[in-house]
Amino acid sequence: MSMKTAFSSPRVRLIAVVSTALLAVASLSIPTVAQGAGVFKVATSAAVTTWDPVQSFSTEAFYMTNIYEPLLWKNPDGITPEYSPALATSWTSSKDGKTWTFKLRAGATFHDGSPVNSAAVKASFDSSKKIGGAGFIWDPLKSVETPSDDTVVLTLSYAAPMDLIASSTYGAYIVNPKALAAVAADSKYYESGKDGGSGPYTISSYKAGSSVVLSAYGKHWATDKPDYSTIDISIVPDGITAQQMMTSGQVDWSTNIPLTSMATLKKNKKYSVITYKSPFNYVGYFNTLRAPLNNPVVRQALSMALNYRDITAIGGQGYGTQARGVVPAGIYPYDPAIPQYSMARAKAKTMLDRAGVKDLKIKITYASENSAEARFVPLIKDAFAAIGVTAEVQGILFNQQWAAAKKDPANAQDLFIVKYWPTYSDAGVDNLWSLFHSSTKPFFNLSYWKNAAYDKLVDDAIELSGSDKAAAQKLYSQAMMMLYTEAPGLYLYDEAQVSVVPKKFSIPKYNINYPFSAFFAGVKLS
Amino acid sequence: MKTKLAGLSFLFKDTLTTIATVMMSIFIGAAIFAPWLAPFPKEGAGETNVDNIYIGPGWHHLLGTDELGRDLLSRIIYGARPALLIALAVVGFAAIIGTLLGLIAGYRGGWIDNIIMRVSELFLSFPPLLLSLVAVTFLGPGLVNALIALIISWWPWYARLIRVEASIVRSKPYVEISAAMGVPDRIIIVRHILRNVTTPLIVQIAADLGTVILAAGSLAFIGLGAQPPSADWGLMVAQGRNLIFDQWWISTFSGLAIFLAVLSFNIIGDALRDHFDPRIARQ
């Protein structure tokens with residue numbers, strides 16, 4: 001039967017038309033990712049402030065953890081072992097915690113094919129310590145030795161948890177020495193979309209403020225290759241737009257959906273709404289330089305005025321828990337035994353009366369770009385009003401808020417609201433030290449609180465944490481107890497991370513140690 | 001009394017203008033009498049009521065409640081205050097600065113005119129909202145800073161308008177005679193020129209009030225204008241934006257308030273222009 005004869009039959013023609021129509025309909029209903037292109041489309045708010053892995057200290061971590069690798073990855077809280085090997089396969093430390101030896105992975109290469117070796121590790125750490133955005137994490141590092149191509153020995157000036165530091169989300173990437181040399185010669189080297197990483201993806205294209213396309217690196221050392229060879233990422237700062245893009249099928253996954261949309265998405269059978277602990281903690285600094293806030297009793301009274309349940313419910317839209325100080329749950333050295341303030345307004349009023357405080361007026365500043373703060377700060381104002389304290393609320397951009405607080409502490413705000421998180425997963429060396437340790441010039445210690453006993457506890461704990469974590473924890477707990485009783489800050493709530501995951505995909509779980517990152521190599525069709 | 005009211009008859013010249021006049025009266029009345037008109041005045045002023053969050057429109061809360069449990073109708077009534085304040089303040093200050101500079105430029109001419117007009121043109125070369133955005137970025141967010149930013153971008157329009165009118169009046173014989181007779185410049189400017197530019201000034205002010213409300217709302221919407229817990233319509237639209245699919249009433253009713261206020265001011269601005277401009281009235 002010739003072709004012409006076959007299609008001239010009405011029945012065959014009908015079958016052909018129906019089949020074509022069915023095929024067309026079927027092709028429309030097949031998810032984009034299953035069309036063989038291996039493209040996973042993402043919408044995120046993560047902006048790129050730099051592509052330089054040494055300078056990186058912001059939201060570009062979202063991409064960096066796919067392009068670059070540290071020596072180790074730190075696993076989420078509760079998972080053993082604590083670390084997964086990345087570019088190092090084994091590591092040991094001396095008893096005193098001052099010497100750390102890392103064995104490097106055989107066969108790992110940078111994206112230009114050159115090997116990842118001890119010289120690259122030394123060059124990366126030296127560069128990060130010298131000029132890195134998070135270079136301070138290498139403060140304990142005295143020297144890096146390279147006895148062989150696959151061995152790195154780190155000598156420290158004081159004991160420090162180098163496994164933790166080497167798995168930091170900032171400042172710990174191993175970078176191709178050729179890229180380090182190139183950027184030293186030309187500071188715009190990375191702007192053309194080049195990278196010096198060894199991770200499972202490379203940068204394929206970047207349009208500033210608009211999109212990033214990542215392509216799988218075929219020679220990556222992992223035996224389990226990514227399901228998606230291309231990750232097509234749209235930078236969408238607006239959460240509700242990102243949500244629309246996901247629900248309309250424009251993208252497969254959106255990472256910045258507003259908390260206020262979670263109730264609706266929970267009802268949608270296509271998505272799972274998953275809650276994780278995050279390292280984000282909301283705290284308010286009292287200006288302890290100014291009377292009557294220099295009186296701990298007054299600070300305690302103000303702490304008792306707050307309705308923490310409402311602040312968490314409104315600020316975090318129910319996705320959060322009242323904080324126990326400034327160390328978020330799930331991050332070392334969190335201690336569940338540290339007490340919390342609870343609302344006791346009658347008692348608070350009595351305490352203020354006894355302290356001789358009348359008609360107290362305080363000025364609260366918060367970052368106007370933070371929608372959670374904008375939601376819960378009015379509750380603080382109302383809580384203070386309930387005990388006779390008048391609050392003036394000022395929402396300003398964070399940079400302005402921070403600059404004003406550092407410029408003239410004696411005349412700065414009375415209460416500074418901030419969202420804080422540790423640079424790497426050690427809130428002892430970061431949150432406890434950065435937020436409340438004495439210093440001559442304020443940086444993040446914006447309560448301007450000075451307490452020698454507290455300083456000693458934290459300093460001693462930091463020294464001990466590299467060799468005796470349990471002993472360090474005890475000292476940290478004493479320091480956190482002191483923060484509770486002295487109340488230089490208002491400890492508001494730990495924010496939860498809420499991920500909306502399309503059920504047709506399996507997406508790696510959120511890792512509290514890499515709060516801004518998504519690991520695309522593990523994305524699979526369910 | 002009858003004569004005075006008859007002077008305002010243009011505000012009721014047709015159905016549309018009458019509706020706009022009524023709406024504007026409601027808007028001004030809401031701004032002045034907010035504490036008495038709002039069903040929940042404390043919530044209108046910003047007090048939170050967490051137990052009542054996200055209640056939809058109903059008998060108890062006619063327009064529903066917001067994310068802090070505040071009655072939305074009360075918030076919208078209180079929101080008329082900053083809207084009216086910023087509209088009057090921006091237009092008022094811009095008109096004073098612009099008129100003063102326009103009069104000087106138009107009357108004196110020469111290099112003073114050149115300098116004032118080139119500076120005005122420099123400001124006018126930027127879109128008004130963009131200039132305000134830049135200004136408020138430097139000054140920092142807040143109602144007062146938004147107000148200053150809008151004045152910065154608004155005054156050149158008045159300077160240019162008044163300068164044109166002033167230069168026309170200046171060449172009139174009675175002004176030239178006054179100058180020849182030795183009447184001081186300030187007297188000529190106030191008695192002859194200012195009086196003759198009052199009509200276009202009033203028309204421009206009326207036309208601008210609505211636009212300023214919209215501009216101030218835009219700044220608040222992007223977080224650079226009024227800040228929480230202020231009852232500001234633009235801010236309320238922004239706060240409800242992420243909730244538009246579920247708690248639609250927050251953005252919808254706040255946006256409607258802006259829409260109606262701007263519309264009524266614009267219609268009345270048109271009516272004023274028709275009334276004062278004999279050429280348009282003849283048409």
Side-chain angles (χ1 to χ4, degrees), chain A residues 237-244 247 256-268 307-315 317-318 343 364-383 385-386 391-401 403-404 417, chain B residues 40 42-54 56 65-70 75 78 133-146 149 219-232 234-251:
Chain A
D238 181 60
I240 204 80
T241 308
Q243 179 187 336
Q244 284 284 79
T247 52
N256 57 323
I257 292 173
L259 286 177
T260 44
S261 298
M262 295 305 164
T264 306
L265 288 166
K266 268 186 176 175
K267 293 176 201 156
N268 191 325
N307 185 329
Y308 294 91
R309 186 205 63 175
D310 286 352
I311 287 173
T312 308
I314 298 296
Q317 294 289 298
M343 187 172 74
I364 305 174
T365 62
Y366 72 93
S368 56
E369 65 269 39
N370 184 313
S371 56
E373 289 178 20
R375 282 196 297 266
F376 71 69
V377 167
L379 298 177
I380 297 178
K381 183 185 178 185
D382 284 0
E392 177 208 338
V393 173
Q394 191 182 26
I396 47 177
L397 297 172
F398 175 75
N399 283 342
Q400 294 169 343
Q401 182 198 17
I417 306 292
Chain B
F40 298 88
K42 284 184 177 174
E43 293 177 14
E47 191 175 280
T48 57
N49 187 355
V50 175
D51 294 332
N52 280 350
I53 61 169
Y54 302 140
T65 63
D66 67 8
E67 61 188 355
L68 289 167
R70 298 170 297 200
R75 296 285 288 164
Y78 267 81
L133 271 172
V134 173
V136 89
T137 304
F138 280 106
L139 294 168
L143 189 65
V144 175
N145 289 346
L219 287 178
F221 180 78
I222 55 175
L224 296 174
Q227 295 296 313
S230 306
D232 180 281
L235 188 64
M236 286 151 71
V237 173
Q239 286 171 336
R241 192 169 166 275
N242 279 347
L243 305 158
I244 194 71
F245 298 118
D246 301 301
Q247 286 80 34
W248 55 269
W249 53 90
I250 301 172
S251 284

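As the structure is a computational prediction, the values presented were derived from the model and not from experiment. Letters go in sequence order (proteins before strands), and every chain restarts at 1. Values below: every heavy atom of this structure, side chains too, minus hydrogens, waters and symmetry copies.
There is no contact between A:Asn307 and chain B, counting heavy-atom distances below 4.5 Å. Proximity to chain B (any heavy atom under 4.5 Å) is shown, for A:Ile396, by both the backbone and the side chain. Neither the backbone nor the side chain of B:Asn145 comes within contact range of chain A, judged by heavy atoms closer than 4.5 Å. Proximity to chain B is limited to the side chain of A:Thr241, based on heavy atoms less than 4.5 angstrom apart. At a 4.5 Å heavy-atom cutoff, A:Glu369 makes no contact with chain B through either its backbone or its side chain. At a 4.5 Å heavy-atom cutoff, A:Phe376 makes no contact with chain B through either its backbone or its side chain. For A:Gln401, no part sits under 4.5 Å from any heavy atom of chain B, backbone or side chain.
Residues A:Gln400 and B:Phe138 approach most closely at NE2-O, 4.1 Å, considering heavy atoms.
We find the CG-CZ distance between B:Asp66 and A:Arg375 to be 12.0 Å, quoted to the nearest 0.5 Å. One distance of note links CD1 of B:Ile53 with CD1 of A:Ile314; it measures 4.0 Å at 0.5 Å rounding. Taking CD1 of B:Ile222 as the reference point, atom OG of A:Ser368 lies at 11.0 Å (rounded to 0.5 Å).
Checked by atom type, the side-chain pair A:Thr260/B:Asn242 shows no donor-acceptor distance below 3.5 Å.
Interface check for chain B: of the options A:Leu259, A:Ile257, A:Asp238, the most heavy-atom pairs under 4.5 Å are formed by A:Asp238. With respect to chain A, the highest number of heavy-atom pairs below 4.5 Å among B:Arg241, B:Glu67, B:Gln239, B:Gln247 belongs to B:Arg241. Here B:Asp246 is the residue among B:Asp246, B:Asp51, B:Ile244 with the most heavy-atom pairs under 4.5 Å with chain A.
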